[in-house]
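Only this structure's heavy atoms are used, side chains among them; waters, hydrogens and symmetry mates stay out. In listed order, ligands and their atoms are each counted from 1.
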Amino acid sequence: MSQEVILTGIKPTGMPHLGNLVGAIQPSVDLSHKKDTEAFYFIADYHALTGLKNAKELSQFSREIAAAWIALGLDPEQVVLYRQSDIPEVFELSWILACFSPKGLMNRAHAYKAAVQKNQENGETDLDAGVNMGVYTYPILMAADILLMQARWVPVGGDQVQHIEIARDVAQYFNRQYQREVFTLPEALIDESGAVIPGLDGRKMSKSYQNTIPIFAPAATLQKLVARIATDSTRPGEPKDPNASTVFHLYRLVATESETDTFRKAFLAGIAWKDAKDQLYEVLNRRLSGPRERYHALLEDDRDTLDRILSEGVPKARAVGAATMRKVRKAIGVN
Ligand code: TRP
């Protein structure tokens, strides 16, 4: 029996932040160390193209994601790392899967539905205004990413679960049509700690709220951002509720359990916000300074290494993709 495949992709849309780190990057790095699995991790650059039409940014953001993964502990010796756009088999499969994807299923995909709803709210007469076909068929390309590599497990955030279910449905339609197991049926692996990570203003940390803490910000910026975290007006000496505090919440994500216990007691004993923030900065910087250095080295001084790593993943991914495509082409009758 061959090893089970774990696969995940990240869309390159800008510098990753602490919410991405805790919710997606770290769990995927941890999983990549799992024994008895084969891991495929890729940069979903053609998915980003649905919204990002600036060539420099697309290229830079893609490199940033690769560097981020490696800086945070992904081992390119253990994981096949590649750019989606380097794997032509993905796009061949994408068309074939489109022919097995009910249009109604795409109508119900959440990103498309959200765009339609927004148009509705804005009183647009054309409910599809601003929606390109890339947005509409996004789940099909994603199914191709997953099914091409025969992925069994797909670690993703909660917002992507529907996409994995679509991939699974489409795989089943195909397998049933041709009465054979061409595709492995994929399943989402959701990080159980999937708690919402609060941003600087206390709302969910998200690029669209501009309340993020970028993972690789310089130490001085990190300190400034921490100083901006919203707090209530309790004064030094007045007890503070740790559970209601963004400062405490973020601290807990990066500190050890015993540090967190001590910090909780300090809150109850009335630690000053200034001191609490200083301590948060300390643990954040401790966690991020090593990765930050590696990240900048990969992006700036050591560009060749990054390029080499990304190109080494390609033949490995394509070999698996080609094997799947042979089965697919045979099944549909175009071999
Ligand atoms: N849609 C995912 C996101 O926005 C990225 C992605 C593309 C992906 N293809 C994938 C994730 C395949 C897992 C598997 O985060």
Q) Are more than 12 heavy atoms from other residues, nucleotides or ligands located less than 6.0 Å from atom CD of E300? A)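 Enclosed.
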Check: residues 214-224 side-chain donor-acceptor pairs under 3.5 Å, at least two apart:
none

Q) For H17, which residues count as a ring pair (Phe, Tyr, Trp, His ring centres under 6.0 Å) partner, sequence neighbours excluded? A)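 Partners of H17 by the ring pair (Phe, Tyr, Trp, His ring centres under 6.0 Å) criterion come out as none, since no residue qualifies.
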Q: Give every residue pair that meets the ring-ring contact (aromatic ring centres under 6.0 Å, His included) criterion with at least one member in residues 55-79, sequence neighbours excluded.
A: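 Passing the test, one end in residues 55-79: Y41-W69.
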Q. For ligand 1, what is the set of protein residues having any non-hydrogen atom at a distance below 4.0 Å?
A.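 Contacting ligand 1 under 4.0 Å are L7, T8, G9, K11, F42, A44, H47, Y138, M142, D145, I146, V154, V156, Q160.
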Q) N132 side chain to T50 main-chain N or O, any donor-acceptor pair under 3.5 Å? A)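 Confirmed, N132 side chain pairs with T50 backbone.
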Q: Give the cluster check for W273 versus F248: same hydrophobic cluster or not, with ILVMFWY residues linked at side-chain heavy-atom distances below 4.5 Å.
A: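 As far as the 4.5 Å side-chain criterion goes, F248 and W273 are connected within one cluster.
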